[in-house]
Protein chains: 2
Amino acid sequence: MASGQSRAERKEATRQRLLDVTLQLIGSRSLDSISLREVARAAGIVPTAFYRHFESMDQLGVELVDECIRPLRQMVRDTRRGVASHGDIIEGTIQVLGEYVAAHADQFGFLIRERYGGVRQVRRAIDTELTLFTSELAVDLARLTAGYDWSTDDLEMTAALMVGAMLKVIIDLVEIDVRPAGRKAKAAAILERGARQLRLIALGMTEWRSK
Amino acid sequence: MASGQSRAERKEATRQRLLDVTLQLIGSRSLDSISLREVARAAGIVPTAFYRHFESMDQLGVELVDECIRPLRQMVRDTRRGVASHGDIIEGTIQVLGEYVAAHADQFGFLIRERYGGVRQVRRAIDTELTLFTSELAVDLARLTAGYDWSTDDLEMTAALMVGAMLKVIIDLVEIDVRPAGRKAKAAAILERGARQLRLIALGMTEWRSK
DNA sequence: ACTTTCAGTGAACAGTCGTACACCAACCAG
DNA sequence: CTGGTTGGTGTACGACTGTTCACTGAAAGT
């Protein structure tokens with residue numbers, strides 16, 4: 001352990017280590033089945049030193065959500081950019097989705113597992129982000145349906161349906177990702193199915209009229 | 001505690017009590033954050049007596065899934081019956097859904113929370129049931145799309161999309177159900193949104209052609 | 001150079017946990 | 001009536017938990 005760092009840097013390093021080992025320790029268990037001592041042990045510090053960085057495991061959980069959601073935000077941004085250049089919106093979205101989930105399987109696994117099972121604060125943090133995601137998609141849809149005067153309610157419900165479908169794709173991807181026997185083929189099938197579901201919805205949109 | 005029962009009946013009674021208190025103890029926590037001792041305490045027996053009924057909390061969890069899924073099966077059956085008598089399939093389905101979730105909020109809450117966060121065996125038990133549900137819907141859809149020669153893949157992906165949407169409805173219903181401020185109105189809004197999502201999908205189906 | 005700050009230490013605490021074991025006493029079959 | 005079966009009891013054990021407290025020593029501020 002070379003130590004050519006300032007004190008603040010050292011602190012930030014262990015803090016990050018605590019977050020990292022927690023994520024990796026989680027594997028496929030729930031956050032609140034992991035003890036503070038266990039995390040400290042894995043991070044190579046004494047239990048009491050944990051409190052120099054977080055006041056509880058719950059708080060660590062909330063900050064872990066933030067960190068896991070950052071790549072998700074990046075994904076959304078990239079998708080929107082990719083959309084501008086590609087002709088097929090759905091194909092582009094699905095492709096980006098596949099890449100990001102593969103690159104951040106641990107983080108997505110954590111988010112999925114804590115979405116409903118976790119502590120209230122953690123659940124809330126995830127839920128907020130997801131709602132935000134949905135509204136952003138609704139805005140995009142408004143652009144696409146301009147001229148058909150869709151109600152905001154209809155836009156929101158369609159966006160929610162699409163986000164739900166994408167979420168299911170992510171979940172399925174993460175679930176196969178753990179044991180990589182024929183991983184690529186399975187992933188492709190899941191993505192393809194998601195794409196078809198989006199197309200089906202898009203097809204419905206062409207016929208839909210807000211009443 | 002009047003005891004005008006046979007020994008077998010007494011045993012079954014405490015067994016059921018263990019399942020009941022676990023479900024009610026779960027409230028909004030995860031199953032594996034509940035200790036064997038806690039359950040025994042709530043059921044009014046000594047910790048060691050727990051082993052006369054289940055060999056571990058995990059096994060109790062699996063059996064609890066079975067018990068919680070029974071009303072779900074009933075719901076599916078009722079829905080299909082209701083469909084035969086009603087003109088509007090979607091409207092009927094949604095209505096039955098709303099009633100069943102309201103009547104079994106605890107059970108559904110448990111299933112939702114353990115769907116991704118729980119122990120492997122519990123997750124598997126829930127997943128199996130859900131997959132079965134989807135295939136049954138696919139069969140129903142095959143009847144409706146007869147003449148348009150849909151591929152089985154397309155039937156399955158459409159059924160999955162619909163089940164996903166319904167699942168989201170259930171989740172939203174359970175989440176508001178805990179604090180009943182304006183519960184009825186919110187529930188109605190959620191159900192209405194779910195109905196519209198199903199209609200949007202149905203609309204897409206009329207335009208879809210399997211390639 | 002001197003003092004303050006503070007990330008990390010190590011021992012100790014009161015609890016809770018799962019489980020093993022010997023022990024009842026009420027039921028039931030013979 | 002009798003003897004085995006078996007839910008349920010009570011005690012005990014070692015392991016692990018979150019948190020307290022006084023501490024150390026190197027970096028940072030002056």
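Ranked by how close their nearest DNA chain C nucleotide is to the 5' end, A:V46 and B:P47 are led by A:V46. Toward the 5′ end of DNA chain D lies the nearest nucleotide of B:A49, the other residue of the pair B:A49 and A:E55 mapping further downstream.
Rounded to whole Å, the distance from CD1 on B:I45 to C1' on D:dT6 is 14 Å. One interatomic measurement links the two molecules: CD of B:Q5 to P of C:dA26, which rounds to 16 Å at whole-angstrom precision. Straight-line distance from the CZ atom of A:F50 to the P atom of D:dT19: 9 Å, rounded to whole Å. Atom-to-atom, CG of B:L18 to C1' of D:dG8 comes out at 12 Å; the value is rounded to the nearest Å. Nucleotide C:dA26 holds its C1' atom 15 Å from the NZ atom of B:K11, rounded to whole Å. For the pair A:R37 CZ and D:dT17 C1', the interatomic distance rounds to 6 Å; values are reported in whole Å. When rounded to the nearest whole Å, the span between OH of B:Y51 and C1' of C:dA20 equals 9 Å. B:L60 has its CG atom 12 Å from the P atom of C:dG18, to the nearest Å.
For D:dT17, the OP1/OP2 oxygens have a side-chain nitrogen or oxygen of A:R41 closer than 4.0 Å.
Donor-acceptor pairing under 3.5 Å, judged by distance alone, is present between the side chain of B:R52 and the base of D:dG8. Between the side chain of B:R7 and the base of D:dT5, a donor-acceptor pair under 3.5 Å is found. Judged by atom type and distance alone, A:T48 reaches the base of C:dG10 through a side-chain donor-acceptor pair under 3.5 Å.
In this structure, B:R115 contributes its side chain and A:G117 its backbone to no donor-acceptor pair below 3.5 Å. The main-chain N or O of B:A138 is never found under 3.5 Å from a side-chain atom of B:E156 such that the two would form a donor-acceptor pair.
Classified by interplanar angle (parallel below 30°, tilted 30° to 60°, perpendicular above 60°), the ring pair A:H104/A:Y100 is parallel.
Across all strands, A:T14 comes closer than 4.0 Å only to sugar-phosphate atoms, never to a base (heavy-atom distances).
Heavy-atom minimum distance, A:V21 versus A:A43: CG2-CB, 4.1 Å.
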**OP:** Before giving the answer on side-chain contact (heavy atoms from CB on, under 4.5 Å), spell out for B:T14 and B:R52 the whole-Å C-alpha distance, their side-chain angles and the decisive distance to 0.1 Å.
**Re:** CA-CA 10 Å; B:T14 48; B:R52 304 289 181 189; over 6 Å; no
